[in-house]
Amino acid sequence: AAKPLDKLYHCANHVKDLAATFNYELMQHFGLSLREFAKKIDITKKAHHIIVHAHMDVMWVVLRENIKDHGGPKAEELKKIVAMAIEKYS
């Protein structure tokens, strides 16, 4: 059976790939970011949980608001949220 972090890695990779297929550039960006972070997660660190949640939160916004491209003010705001979480909690 796959370990939970392996599952997270593969799910994030699938999100990235599906987003690319359907031209959701911003979702692809966050899928890639989460996939790369999954390689270095320490599940004993609560701070790392916050970073994963930040990714999930912005992905929900992208999905709910149907944001496709990775430019524009809303996309930049969402990218900043994840970047701040990574910087603060890594």
In this structure, CD1 of Ile50 is separated from CG of Asp57 (nearest 0.5 Å) by 11.0 Å
(message) Do Val52 and Leu8 have side chains that approach each other closer than 4.5 Å (heavy atoms only, starting at C-beta)?
(response) yes
Heavy atoms of Lys16 and Gly31 approach each other most closely as CB-C, 4.1 Å
**Asked** Is Lys79 salt-bridged to Glu76, cutoff N-O under 4.0 Å?
**Response** yes
Sorted by chain and residue number, the side-chain hydrogen bond (donor to acceptor under 3.5 Å, both in side chains) partners of Asn23 (sequence neighbours excluded) come out as none
Between Tyr9 and Arg35 the two heavy atoms that sit nearest each other are CE1-CG, 3.2 Å
CG (Asn66) and CG (Leu26) are apart, to the nearest 0.5 Å, by 11.5 Å
For Thr44 and Asp42 the tightest heavy-atom approach is OG1-OD1, 2.5 Å
Close side-chain approach of Lys74 to Val61, heavy-atom, < 4.5 Å: yes
- request: Could you walk me through whether Lys80 and Met84 pass the side chain to side chain contact (heavy atoms under 4.5 Å, CB included) test, one step at a time?
  value: CA-CA 6 Å; Lys80 187 175 178 181; Met84 287 171 41; 3.7 Å; yes
For Glu36, the salt bridge (charged side-chain N to carboxylate O under 4.0 Å, His left out) test, sequence neighbours excluded, returns Lys39
One should read off an interatomic distance between Asp17 CG and Leu32 CG, to the nearest 0.5 angstrom, of 10.0 Å
Closest heavy-atom pair, Ile51 versus His55, reported as atoms and distance to 0.1 Å, is O-ND1, 2.9 Å
Between Val82 and Ser33, is there a side-chain heavy-atom distance shorter than 4.5 Å? yes
One should read off an interatomic distance between Met27 CE and Trp60 CH2, to the nearest 0.5 angstrom, of 8.5 Å
Is the shortest heavy-atom distance from the side chain of Ile67 to the side chain of Tyr24 under 4.5 Å? no
dist Glu65:CD -> Leu78:CG (nearest 0.5 Å) comes out at 7.5 Å
Point to revise | Aromatic plane relationship, His48 with Phe37 - under 30° parallel, 30 to 60° tilted, over 60° perpendicular | key: perpendicular
